Undergrad: 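Mind having a look at this structure? Questions to follow.
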Amino acid sequence: MIGHHDALFRLRHSEELDEFLSGSESGHVDLVRTQENSIFASFFACWVENPDDEEETHPEPIDPDDAVAATGEMVGLLKELEEQSEGELLIAREFNDLLDCEEDDTHAAILHFEGAEALGEDLEHLDAFYESGLRSLGLVWSRANAFGHGVPFLFPSSPDTGPGLTARGRDLVKVCNGLGIMLDLSHLNEAGFWDVARLSSAPLVATHSNAHALCPSARNLTDEQLRAVADSGGLVGINFCCSDLRDDGEDDPDTDSDLILEHLEYVAELIGIDHVALGTDFDGSVVPSSVEGVESIPGFLLQLQERGWSDEELVKLCSGNWLRVLKETWLN
Ligand code: ZN
């Protein structure tokens, strides 16, 4: 399983649905390559870009109506993929869907929103999106909204960049717990992280974040945050994004992919193998140039094996930890 990719964002702008289903050279993720490489599930993020991206470090809040429209388009694309896949891709709505997909070599698509703007400030769109399959939610992307404050793209920087969740955000944590929607802490600032840690009854999850000790980006998690994730029974999905891997924070594809393994092993050593997984941020970030896409995952697993990881540990990394967390988080 991989914890975060932006294939829907890519498809919204490229309209390469057929290529996604039949396999293509473009992008990091498609159905054929995930199946060929035994990746039976992934989180499909709906991310809405800022209308102008001139301000790269501190994205401004966006108009919630724009978020509803763009997110609706991406959810529509995922439904189209499901329909056109003839049973090869399924929008996962309950835990058993994941097990069935693993068994049948079907790809389980977990619908994720990267920022809660599209739900509406009064959550007026939540029920409809839940019906469409929404099962994972980041309260914020790296900007403020009605629910909280995202971390800006600062380096070097502590993730402690602003206030915690708003009253609406605190309520939304409880609502998500009640519906069994997983909450994603990647992109949330530190005060918001601790608010969720205090309020949520579910394991804490960061779908695509790395170790702040190795790369002091505001997007990464401090040792104290990592320990809190483990204490809750949660996990961290390691991010392949160069600027969140490197100790100089450069967003440069000329980056040694071994850094991915180093973050992975750092987190595993600090908080245990049960709390680390693959995040990737495929199709959403600059990754080391030697990483082609999902087809590069088996190579990483071989390298980990050479570094002493057992088969059992690799299964936890690839799927066991995600399955444990989702079983505990989703209601059915
Ligand atoms: Zn992200």
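Just so you know, these numbers come straight off a predicted model, no measurement behind them. Only this structure's heavy atoms are used, side chains among them; waters, hydrogens and symmetry mates stay out. For ligands, and for the atoms within them, numbers begin at 1 and follow the listed sequence.
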Undergrad: Can you name the N/O/S atom of His208 that is nearest the Zn ion (ligand 1)?
TA: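 The closest N, O or S atom of His208 to the Zn ion (ligand 1) is NE2.
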Undergrad: Indicate the ring-plane relationship of Trp322 and Phe43, choosing parallel, tilted or perpendicular according to the 30° and 60° boundaries.
TA: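 Tilted: the ring planes of Trp322 and Phe43 meet at 30° to 60°.
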Undergrad: With carbon and hydrogen excluded and only N/O/S kept, which atom of His187 is nearest the Zn ion (ligand 1)?
TA: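 In His187, the heteroatom (N, O or S) nearest the Zn ion (ligand 1) is NE2.
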Undergrad: Thinking salt bridges, do Lys327 and Glu94 make one under a 4.0 Å N-O criterion?
TA: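 A salt bridge is absent here (no side-chain N lies under 4.0 Å from a carboxylate O).
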Undergrad: Using atom types as modelled and distance alone, determine if a side-chain donor or acceptor of Asn50 lies under 3.5 Å from a backbone N or O of Glu60.
TA: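 Yes; judged by distance alone, with no hydrogens or angles, the pair exists.
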Undergrad: Out of the N/O/S atoms in Glu114, what is the name of the one closest to the Zn ion (ligand 1)?
TA: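 Closest to the Zn ion (ligand 1) among those atoms: OE2.
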Undergrad: Does the distance from a Lys or Arg side-chain N to an Asp or Glu carboxylate O, for Asp256 and Arg246, drop under 4.0 Å?
TA: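 The answer is no: the pair does not qualify as a salt bridge.
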